[in-house]
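Side chains included, hydrogens not; waters and symmetry mates left out as well; all remaining heavy atoms used.
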Number of protein chains: 2
Amino acid sequence: MMRSGQVTIKDIAKELNISCSTVSRALKDFPGISPATKKAVTDLADKYNYRPNAIALSLRNQKTNVIGVIIPETVHFFFSTVISGIEDAAMKEGYNVMICQSNESYEREADSIDALMGARVDGLLVSISRETADLDHLKKVKDEGTPMVFFDRLVEGMNASSVIIDDYQGAYDATEHLIEQDSKNIVHLTGPSNLIIGRKRKEGYISALEDHQIPVREEYIVECRKGTQEEAEQVMAKLLSTGMAIDGVFASNDVAALGALMAVKKAGLKIPRDIAIVGFSNWQFSSLVEPGLTSISQPGYEIGQQAAQLILEEINSKEKGKSQIKILDTELIVRGSSTRK
Amino acid sequence: MMRSGQVTIKDIAKELNISCSTVSRALKDFPGISPATKKAVTDLADKYNYRPNAIALSLRNQKTNVIGVIIPETVHFFFSTVISGIEDAAMKEGYNVMICQSNESYEREADSIDALMGARVDGLLVSISRETADLDHLKKVKDEGTPMVFFDRLVEGMNASSVIIDDYQGAYDATEHLIEQDSKNIVHLTGPSNLIIGRKRKEGYISALEDHQIPVREEYIVECRKGTQEEAEQVMAKLLSTGMAIDGVFASNDVAALGALMAVKKAGLKIPRDIAIVGFSNWQFSSLVEPGLTSISQPGYEIGQQAAQLILEEINSKEKGKSQIKILDTELIVRGSSTRK
DNA sequence: TGGGCTGTTTCAATCGATTGCAAATCGTGG
DNA sequence: CCACGATTTGCAATCGATTGAAACAGCCCA
């Protein structure tokens, strides 16, 4: 039988010459429907592969069972791992996921939020773009009462739940590890300074130095604004050419660490003998380069899961305003790039 | 002003003491609305940040402006690149994207399709899981008239549009490159045999050998079923231990190639001098290992874009049944692992 | 035969936005 | 002062599913 589109309750009602209400109740096993009717309805529903129209239900129930996700870029291993965690946790509770990537652009982030709000998502999971400084688009969401949870990138001044990793502690661990491997002149390559994660990592680096009575020198802290491998390589090459004493590098991400690694190699220095290197994020490639890159592993999947759970809690509870922050632990993954002992 | 939820046309109508129809027409710049009314409406809409309820529109127009995507795993670099292409192309046309990952499981794939069909997506982009052999769940979609486009993994017997890469030619190029670099005894590590892409790559390998008058020997073609690096490493180590003459490896994916690379290194052989290696997919890490891995680059972003464009065409044209297959070219990326000359 | 009762089924409104058609309002001319 | 266009606005139905309330059927007993 050829039909166009999916079957509705109305189609079934018409074919059986009964009302929509009866069909609806029969399908939902409501009391007060005769066994004969119930069987006729369920048989026909099976035959036509009836699926309740989620759109109609959304409109009636004022609930879409969809979670919106704003993410800087899906192509980053870390973020795609987060998505995986979100998807699994959401699907388990009968929610679908709508994903928009901001490509680290403020404008696209704002557009995406508008689109998701128009789609009436029940909640928003947001990791803001690097560019985002103005928070008006996020405040509107809050004002309209849509639950929102931030992940990975903390947003200050929003009073919203967040799931982040302990960037401070991770950076502290990384720096301390370098110190324990006898590095004393440790360069820190930072990311763009407007992201809180970058500041936290810098603080961890500084605290570790101070706790080990190593002077903190400003010229050893260098910003890599763009976050590309090439940029980090150039920055590192420049540092090396100054003749500064350098025996360790802590980069705030693995791409930068890799750039530094390349620069050190090209300068004819040995890793880890002359310069030990530690990155951050434990990307997929970190174990594959030569030597293997010591890094701080971020539990992306868990971040996604917890963020999804948090937003589902907020959606299902009526009390707003109780925001909580979950801080997940990082793990130091030691590989060849820093192992001297 | 505190309100719960987003503003509707009704709210605006009530506040201005006019009817919903008037508000709707004013917002859409319909003729026959007095300038005064129009201004009052648009001002209030701005003030309350009115967004049309996409759910209500979907129900009325029988069109959700949402594209569903079924993907094996988002954490694969290739697939996340595809998603990026899909998202960009879809957003440009005012569509949102709903993503479900099958995790290479048939059951989850079928569930996801059910969920997306329930959400009344306007079209489906599907890359089937490794496990999928039964096509009933896909045929139901077709029968109900929902446009569907396959990408990357071709499905036989479905008469649906597809966007794939030229696996045959890519494999041919890879193998021929090895031959030109003086490899004559070339091992081919294949993927699981139920995916068409694996078969095509094997055919490309065989054709290249035949075209260069090199005998095809079955014992040089070995299946890596699981697709992990460890498996490939074991398989390769075993081959080397037999004493077979081997001076080249063409792996059907980069993970396997990397495993082979490790095994060759551990056996004390030099790459590319003793054994040259070529992979497939040009993963992110391929350029970072030592030596850099020669590979076949797949245009993931373009696949996503074209797949999205195809599905949008099918959605917007009423004529069904004209399915087309787009085959995108691969590119040989030469790096150290195969460069002898 | 009618009142009461149980067991089934239908009616009508709802959610938000749109739209053909009808109606109300206005200004103006006879 | 009314009638007649012209302009502006409202009514009601629609999309699919749900649900409280009302209606209807059949049956028993007085």
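Taking all atoms of both residues into account, the shortest heavy-atom contact from Asn159(B) to Ser323(B) is OD1-OG, 2.9 Å. Taking both residues in full, the closest heavy atoms of Gly94(A) and Asn65(A) are given as O-ND2, 3.2 Å, listed atom of the first, atom of the second, then distance.
Ile55(A) comes within contact range of no nucleotide atom at all, as no heavy-atom separation falls under 4.0 Å. Contact annotation for Thr8(A): backbone-only contact, meaning every heavy-atom pair under 4.0 Å involves sugar-phosphate atoms and none involves a base. Using a 4.0 Å heavy-atom criterion, one finds that Ser58(B) contacts no nucleic acid atom at all.
Between the Asn53(A) side chain and the Ile55(A) main chain, a donor and an acceptor come within less than 3.5 Å of each other.
Counting only residues at least two apart or on different chains, the salt bridge (Lys or Arg N to Asp or Glu O under 4.0 Å) pairs with a member in residues 59-74 of chain B are Lys63(B)-Asp122(B). Identified under the salt bridge (Lys or Arg N to Asp or Glu O under 4.0 Å) test for residues 148-161 of chain B, with sequence neighbours left out: Glu104(B)-Arg153(B), Glu156(B)-Arg199(B). Here salt bridge (Lys or Arg N to Asp or Glu O under 4.0 Å) pairs that include residues 17-29 of chain B, with residues two or more places apart or in two chains, are Asp29(B)-Lys38(B).
In this structure, Ile33(B) atom CD1 and dT19(C) atom C1' are separated by 12 Å, rounded to whole Å. Atom pair Leu16(A):CG and dT10(C):P shows a separation of 10 Å (rounding to whole Å applied). Rounded to a whole Å, the NZ atom of Lys38(A) is 10 Å from the P atom of dT9(C).
Remark: Thr132(A) engages Glu109(A), Ser129(A) in a side-chain hydrogen bond (donor to acceptor under 3.5 Å, both in side chains) (not counting sequence neighbours). Shown here are the side-chain contact (heavy atoms from CB on, under 4.5 Å) partners of Ala40(A), two or more places apart in sequence or in another chain: Leu16(A). Residues forming a side-chain hydrogen bond (donor to acceptor under 3.5 Å, both in side chains) with Gln298(B) (at least two apart in sequence, or on another chain): Ser281(B). Not a single side-chain contact (heavy atoms from CB on, under 4.5 Å) links Lys14(A) to another residue, sequence neighbours left out.
Taking for each of Leu57(A) and Arg60(B) the nucleotide of DNA chain D with the nearest heavy atom, the 5'-most of the two is the partner of Arg60(B).
Protein chain A contacts DNA chain D over a range whose 5' and 3' limits, counting nucleotides with an atom under 4.0 angstrom from a non-hydrogen atom, are dC15(D) to dA21(D).
No salt bridge links Lys140(A) with Asp114(A); every basic N to acidic carboxylate O contact stays at or beyond 4.0 Å.
Taking every heavy atom of residues 20-29 of chain A and every atom of DNA chain C, pairs under 4.0 Å involve Ser21(A), Thr22(A), Arg25(A), by number.
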Please list, pair by pair, any protein nitrogen or oxygen found under 3.5 Å from a nitrogen or oxygen in nucleotides 24-26 of chain C.
none

Give the table of side-chain donor-acceptor pairs shorter than 3.5 Å for residues 304-311 of chain A, with sequence neighbours excluded, one pair per line with atom names and distance.
| unit_1 | atom_1 | unit_2 | atom_2 | d |
| --- | --- | --- | --- | --- |
| Gln306(A) | OE1 | Lys326(A) | NZ | 3.0 |

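Note on the helix from dT1(C)-dA30(D) to dG30(C)-dC1(D): terminal axis deviation equals 100°, with five pairs used at each end and the result rounded to 10°.
Enclosure of atom CD in Glu107(A) is not indicated, since only 12 or fewer non-hydrogen atoms of other residues, nucleotides or ligands lie within 6.0 angstrom.
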